[in-house]
Asker: 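The structure that follows is given in the form of structure tokens.
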Amino acid sequence: MNNEQLLDLVKQMTLEEKTAQLLQLTANFYEGTEAQGQITGPMEEMGITEQSVVASGSILGLSGAQAIIDVQQAYLKKSRLGIPLLFMADVVHGFKTIFPIPLAIGCSWDTDLAEKSAEIAARESAVSGLHVTFSPMVDLVRDPRWGRVMETTGEDPYLNSLFSAAFVRGYQGDSLKDEPDRLAACVKHFAAYGAAEGGRDYNTVDMSERNLREYYLPAYKAALDAGVEMVMASFNTVDGIPASGNEKLMRDILRDEWGFDGVLISDWASIREMIAHGAAEDDREAAYRAIRAGVDIEMMTPCYVNHLPELIQSGEVEEKLIDEAVFRILQLKEKLGLFDNPLRAADPEREREIVFSKEHRQVSYELATKSAVLLKNDNSVLPLQPEANIALIGPFVQSEDILGWWSCEGVKADAVKLGTALQERLQHGQVHMAQGSGVHTITSEQIADAMETASKADLIVLALGEDSEMSGEGGSRTDIRLPAAQLELIKQLKTTGKPIASVIFNGRPLDLHGVFEESDAVLEAWFPGSEGGAAIADVLTGVVNPSARLTMSFPQSVGQIPAYYNHFNTGRPLNPEKTEERYVSKYIDSPNEPLLPFGYGLSYTTFEYGDLEVSSQEMTADQPISIQVRVTNTGQRAGVETVQLYVRDVTGEVVRPMRELKGYTKLALEPGESGTATFTLNEEQLRYHHSDLSYRSDKGTFQIFVGPNSRDTLESTFKLV
């Protein structure tokens, strides 16, 4: 259908049919599902009618080709105008083939592979009947207490924007209609959900508009520029107004300023939650505020279907607002080709061939190897030698819980276990295994077993971490250390005097005290996905040389949070050579700097940076500068170095960060080989939001920093004239 035909279809709909089209429900409301016998209860609980269900526009959370075919066909038999349903789900880091969590994917600094992971997730989802994924989440996060950091790609707006666009391209391809194995993407959570106070989920967000535009909005805008079809409103307030009813965010910025004409959806029950926020008296007022803000689809509450008709009849809401929302939903259905083929790519036979295929698992494996960050490696404890005699101890030795939160249709039992994979790779050595402790508990018997196992080996490999319930939505923590049971296990094993290499499975940056100083080597594995055990085993044994870099800083302790690299200076900065000074900006019981900075990561080889060369000491608006540095692999094996470019605007109308990432490049170098990292920096990259919110650059001096992370860099300067 063309737009004219879609508009004609809107005109044929009754007001009740139109408002029902804005309703999204879970699958148990619909005929054709296994839960169809439970329909009456949920309808009564939500206060909606069977007529609203029959005319509703989309379903949340159902998957499986045959199940979706059955529901779609049963639905269309009752649909007066033959408008098909949309099927949506949280396909966050894979459908059944689970990839590393997004935070880990960010640490790969590999947008091409991230795009490939989204393409595979879309292929598996589409053949299983889905049309829309609630991904990517591009919230910038500086607080690791927030459980949903596992869904983000980090603390930097530039890098987050690159990954945002890559995920959208992977999910959507070039044409949803011509490529039925793709999904419509939904960028979330608009806006600034990652800045929840105290790192507590669903909590208040309060910041200046300048700060919002400078750091938090760019990654959403990058998704829009990449053509994302849907945006999800966040749970939180922004400037005192819940996002689902925030006209400035949704109408003024998203719709009018940015020109977004796609579908805007609420988060789960977030329209009704305006009542709890104190921004609406009842469901009626919540519906009024949300539709005026431009929210098209209401997820899992009945404010729209129960109150929009009366709001229109009373003249408080113009019917054209509902017509616009319905039209946008129908446009998306047309883009997906659903009017021509309501079943789209759903195919039980192809589903069996495609889902969790060997080809897909191989990409999951590759991404997991490129996402594991080597944080410490004293005395080259890693990689393990082929004839190594190791004690593999810890609650994650044979754990299946390595997929992480939001693992969709992933099956824990399908995950490759670390212990099994290491045994396969060290057939010329010895692997002695013991659980040592649970994730949260430890017994004297477990300690004794761990000590006896360690006595048989030359090296201890500890497999530690959070269980998946400790991060993700609703997984906020005030203490981000490993559980006390695991810290006790490390303490006991340290008394053996044997080298310890710790592998950490987790969903957030941790306070690593009790692990970092007690271990000779530390490998951050994150939740690595379906092939996690194989991938991490290959990194530990040196089959793969680690190359990942942190995209969130690791704090010294929770009291230091937020600790992020692109911070401002103060009027009384700490002089590192005069740490005894009191009246400067510092802690008296901790360093200012994080334990591990943004961009940090080690390799099994070493790299040396040569002189930093800048093509000119002056830049103009139409004359960029070129920056070069020579990097040499000074170690004994091939490796990949991620060379990072940072800039500081020394004097601005508004205070500027100490460093801002402006580019990076990867150099794959053989032992003894040198390569040149080249960057081009132009005036546009130096622009920022001024106090009047204008977006422009300031003339003056700029510092350039190039190095392997945001801390250890070579420096130079230039002037913008």
Side-chain angles (χ1 to χ4, degrees), residues 1-25 30 48-59 68 71-88 131-132 172 175-180 182 184 186 227-231 250-251 254-256 259-266 287 290-298 304-346:
M1 292 187 183
N2 57 34
N3 284 347
E4 190 174 321
Q5 291 171 312
L6 292 175
L7 287 169
D8 184 62
L9 185 57
V10 174
K11 291 176 184 176
Q12 295 177 49
M13 299 170 72
T14 66
L15 182 56
E16 287 71 23
E17 285 173 332
K18 286 188 288 191
T19 54
Q21 192 69 202
L22 312 186
L23 174 65
Q24 180 168 97
L25 299 170
Y30 297 84
I48 59 174
T49 65
E50 186 177 353
Q51 288 71 28
S52 293
V53 174
V54 168
S56 62
S58 58
I59 287 187
I68 284 179
V71 172
Q72 186 77 284
Q73 289 177 336
Y75 175 85
L76 287 172
K77 286 178 182 177
K78 291 187 175 183
S79 175
R80 185 177 73 88
L81 296 171
I83 301 173
L85 280 165
L86 279 170
F87 292 88
M88 310 187 193
H131 306 141
V132 180
Q172 294 190 172
S175 169
L176 288 171
K177 197 165 190 177
D178 296 333
E179 299 178 71
R182 302 284 187 159
C186 174
V228 74
E229 293 290 351
M230 186 178 289
V231 173
M250 304 305 173
R251 288 283 184 192
L254 182 65
R255 297 286 194 202
D256 296 341
F260 179 66
D261 61 357
V263 175
L264 177 59
I265 188 171
S266 79
I291 196 66
R292 284 181 57 85
V295 178
D296 300 317
I297 297 178
E298 179 181 14
Y304 276 4
V305 292
N306 287 346
H307 297 287
L308 282 182
E310 64 181 274
L311 285 166
I312 291 167
Q313 289 160 7
S314 69
E316 294 168 80
V317 170
E318 294 180 83
E319 190 166 354
K320 72 173 186 178
L321 294 183
I322 285 80
D323 291 347
E324 290 170 0
V326 173
F327 177 68
R328 285 189 285 262
I329 295 166
L330 297 183
Q331 272 190 314
L332 178 55
K333 293 181 179 184
E334 171 59 24
K335 287 179 181 179
L336 287 159
L338 294 177
F339 286 103
D340 295 328
N341 180 10
L343 304 183
R344 203 165 179 261

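Quick caveat: nothing in here was measured; it's all calculated off a predicted structure.
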Asker: Nearest heavy-atom pair of A345 and P180: which atoms, and what distance?
Answerer: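 Closest pair (atom of A345, atom of P180, distance): CB-O, 3.4 Å.
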Asker: Hey, what do you get for CE (M88) to CD (Q24), rounding to the nearest 0.5 Å?
Answerer: 4.5 Å
Asker: Answer yes or no: is there an ion pair linking R328 with D261, defined by an N-O contact shorter than 4.0 Å?
Answerer: no
Asker: What are the two closest non-hydrogen atoms of G262 and R255, and how far apart are they?
Answerer: O-NH1, 2.7 Å
Asker: If you look at every heavy atom in S314 and E316, which pair is closest and at what distance?
Answerer: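 Looking at all heavy atoms of both residues, the closest pair is OG-OE2, 2.6 Å.
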Asker: When you check the side-chain N and O atoms of E298 and S266, is any donor under 3.5 Å from an acceptor?
Answerer: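 Distance-only check fails for E298 and S266.
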Asker: Looking at side-chain heavy atoms only, is the closest gap between N3 and F327 below 4.5 Å?
Answerer: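 Of all side-chain heavy-atom pairs linking F327 with N3, at least one is under 4.5 Å.
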Asker: Can you measure from CG (L336) to CD (Q331) and round to the nearest 0.5 angstrom?
Answerer: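 So the gap between those two atoms works out to 12.0 Å.
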Asker: Is there a side-chain contact between E334 and Q5, using heavy atoms and a 4.5 Å cut-off?
Answerer: no
Asker: What is the minimum heavy-atom distance between L15 and P309, and which atoms define it?
Answerer: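 It is CD2-CA, 3.6 Å.
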Asker: Are more than 12 heavy atoms from other residues, nucleotides or ligands located less than 6.0 Å from atom NZ of K77?
Answerer: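 No, because the 6.0 Å sphere around NZ of K77 holds 12 heavy atoms or fewer from other groups.
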Asker: Going from OG1 on T19 to CD1 on I291, what distance comes out if it is rounded to the nearest 0.5 angstrom?
Answerer: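 Atom-to-atom, T19:OG1 and I291:CD1 are 10.0 Å apart.
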Asker: Indicate the atoms forming the closest heavy-atom contact of L311 with A287, along with that distance.
Answerer: CD1-CB, 4.2 Å
Asker: Return yes if a side-chain donor-acceptor contact under 3.5 Å exists between Y30 and S56, otherwise no.
Answerer: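 Yes, side-chain donor-acceptor contact under 3.5 Å.
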Asker: Check whether any side-chain heavy atom of I68 sits under 4.5 Å from a side-chain heavy atom of V71, and report yes or no.
Answerer: no
Asker: What's the spacing between L85 CG and S79 OG if we round to 0.5 Å?
Answerer: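 Answer for the CG-OG pair, L85 versus S79, is 8.0 Å.
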Asker: Return the CG to CD distance between L7 and Q12, rounded to the nearest 0.5 Å.
Answerer: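 Reported to 0.5 Å precision, the distance equals 11.5 Å.
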Asker: Before giving the answer on side-chain contact (heavy atoms from CB on, under 4.5 Å), spell out for V263 and L86 the whole-Å C-alpha distance, their side-chain angles and the decisive distance to 0.1 Å.
Answerer: CA-CA 12 Å; V263 175; L86 279 170; over 6 Å; no
Asker: Begin with the C-alpha distance, continue with both residues' side-chain angles, and end with the deciding distance and a verdict on side-chain contact (heavy atoms from CB on, under 4.5 Å) for K335 and E229.
Answerer: CA-CA 9 Å; K335 287 179 181 179; E229 293 290 351; 3.0 Å; yes
Asker: Quick one, K333 with Q21, criterion side-chain contact (heavy atoms from CB on, under 4.5 Å). Give me CA distance, side-chain angles, the key distance, then yes/no.
Answerer: CA-CA 12 Å; K333 293 181 179 184; Q21 192 69 202; 2.4 Å; yes
Asker: For the side chain of R344 and the backbone of H131, is there at least one donor-acceptor N/O pair under 3.5 Å apart?
Answerer: no
Asker: Counting only heavy atoms not in E4, do more than 12 sit closer than 6.0 Å to its CD atom?
Answerer: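 Atom CD in E4 is not crowded, with 12 or fewer foreign heavy atoms closer than 6.0 Å.
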Asker: Search all heavy atoms of Y75 against all heavy atoms of I83 and return the closest pair with its distance.
Answerer: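 Distance-wise, the nearest heavy atoms are CE2-O, 3.1 Å.
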Asker: Is the shortest heavy-atom distance from the side chain of D323 to the side chain of M13 under 4.5 Å?
Answerer: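 Not in contact.
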Asker: Side chains of F339 and L330, heavy atoms from C-beta outward: is any pair under 4.5 Å?
Answerer: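 With C-beta onward as the side chain, the pair touches.
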Asker: Which of these passes side chain to side chain contact (heavy atoms under 4.5 Å, CB included) with M230: L264, L332, D296, I329?
Answerer: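 So, applying the side chain to side chain contact (heavy atoms under 4.5 Å, CB included) to M230 and each of L264, L332, D296, I329, only L332 qualifies.
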Asker: Run the salt-bridge test on K78 and E50 with the 4.0 Å N-O cut-off and return the result as yes or no.
Answerer: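 Yes, K78 and E50 are salt-bridged.
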Asker: Answer yes or no: are there more than 12 heavy-atom neighbours, outside E318 itself, under 6.0 Å from its atom CD?
Answerer: no
Asker: Roughly how far, to the nearest 0.5 Å, is CZ of R292 from CG of L321?
Answerer: 7.5 Å
Asker: Answer whether the closest heavy-atom distance between the side chains of E179 and Q172 falls below 4.5 Å.
Answerer: no
Asker: Between V305 and L22, is there a side-chain heavy-atom distance shorter than 4.5 Å?
Answerer: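 A side-chain contact is absent here, since even the closest heavy-atom pair is not under 4.5 Å.
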